[in-house]
Amino acid sequence: MDSKHVTVVYKWTAQPGKLDELATIYRAVTDAMEQNEPDAETVHVYVSEADNALYVRDEFANADAMGFHLGTTAAGHFPDLLAIATPGPFFFLGDVPDEMKQHVEQMQLGGQFAIHLAGFDR
């Protein structure tokens, strides 16, 4: 993992009876990212019926790729998501520029930010 890599881990909590609809929207989000965002390197979505929620892990090549995602795919699906689910918290892991942090704060995602300290990939 290089120092420009950004990982975002987050949760969407569905309104009662809306978990299947939330999952359907997130399948569309994942498909769009795979087709249109070459610097979205990894996307994994996990469902918890006990929490009535989805947990998502996105990995981007850099902050620009994350910004592209927020301005395109995420922005396009955000109204539908907000109609049936509550976002957050969102954990942004990596070097995220202050301008993007402000954008995340404006989106009211409950964003928290941390820079990489140590680790390895095999």
Side-chain angles (χ1 to χ4, degrees):
M1 179 182 310
D2 68 33
S3 63
K4 296 181 188 238
H5 189 89
V6 177
T7 299
V8 187
V9 178
Y10 53 99
K11 177 182 181 182
W12 281 96
T13 302
Q15 294 174 2
K18 298 292 186 177
L19 185 58
D20 288 342
E21 187 176 347
L22 179 60
T24 297
I25 293 170
Y26 247 86
R27 284 185 191 98
V29 169
T30 301
D31 289 345
M33 290 176 73
E34 185 174 22
Q35 293 172 15
N36 303 316
E37 298 184 36
D39 288 331
E41 299 175 329
T42 302
V43 178
H44 292 280
V45 181
Y46 304 86
V47 63
S48 171
E49 290 185 12
D51 294 339
N52 198 44
L54 296 182
Y55 295 89
V56 185
R57 178 175 57 99
D58 299 335
E59 296 187 19
F60 299 97
N62 52 49
D64 288 340
M66 183 193 73
F68 180 80
H69 170 72
L70 291 174
T72 58
T73 306
H77 289 90
F78 210 63
D80 292 336
L81 291 165
L82 288 175
I84 62 164
T86 302
F90 279 63
F91 299 97
F92 294 83
L93 311 172
D95 188 12
V96 177
D98 288 341
E99 178 181 301
M100 285 189 200
K101 289 178 183 177
Q102 292 171 358
H103 181 68
V104 167
E105 289 171 10
Q106 290 171 352
M107 294 175 73
Q108 299 180 347
L109 299 176
Q112 298 180 34
F113 301 88
I115 57 172
H116 188 254
L117 175 67
F120 66 91
D121 293 324
R122 289 197 194 254

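In this structure the side chain of Pro87 reaches within 4.5 angstrom of the side chain of Leu82, judged on heavy atoms. Under the 4.5 Å side-chain criterion, counting only non-hydrogen atoms from C-beta, Val45 is in contact with Thr30. Side-chain contact between Phe78 and Leu109: present, with at least one pair of heavy atoms (C-beta onward) separated by less than 4.5 Å. In this structure, the side chains of Val29 and Val43 stay at 4.5 Å or more apart for every pair of heavy atoms. In this structure, the side chains of Glu37 and Phe68 come closer than 4.5 Å at one or more pairs of heavy atoms. Val6 is listed as a side-chain neighbour of Val96, based on a closest heavy-atom distance under 4.5 Å. Using a 4.5 Å heavy-atom threshold, the side chains of Met33 and Thr72 count as separate.
The only option from Glu59, Arg57, His44 that meets the side chain to side chain contact (heavy atoms under 4.5 Å, CB included) definition with Val9 turns out to be Arg57.
By the 6.0 Å and 45° rule, Lys101 stacks over the aromatic ring of Phe113.
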| message | Pair Leu54, Tyr10 - check side chain to side chain contact (heavy atoms under 4.5 Å, CB included), show working. | response | CA-CA 8 Å; Leu54 296 182; Tyr10 53 99; over 6 Å; no

| said: Under the criterion side chain to side chain contact (heavy atoms under 4.5 Å, CB included), I'd like the reasoning laid out for Phe90 against Val104: C-alpha separation, chi angles, the key distance, then a yes or no. | reply: CA-CA 9 Å; Phe90 279 63; Val104 167; 5.6 Å; no

| message | Walk me through whether Phe60 and His69 qualify under ring pair (Phe, Tyr, Trp, His ring centres under 6.0 Å). | response | CA-CA 9 Å; Phe60 299 97; His69 170 72; 5.5 Å; yes

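The closest donor-acceptor contact from the side chain of Asn62 to the backbone of Asp64 lies under 3.5 Å.
Under the 4.5 Å side-chain contact rule for hydrophobic residues, Val8 and Phe91 do not share a cluster.
Shown here is Gln15, whose CD atom has more than 12 heavy atoms of other residues, nucleotides or ligands within 6.0 Å.
With no hydrogens or angles considered, a side-chain donor-acceptor pair links Trp12 and Tyr26 at under 3.5 Å.
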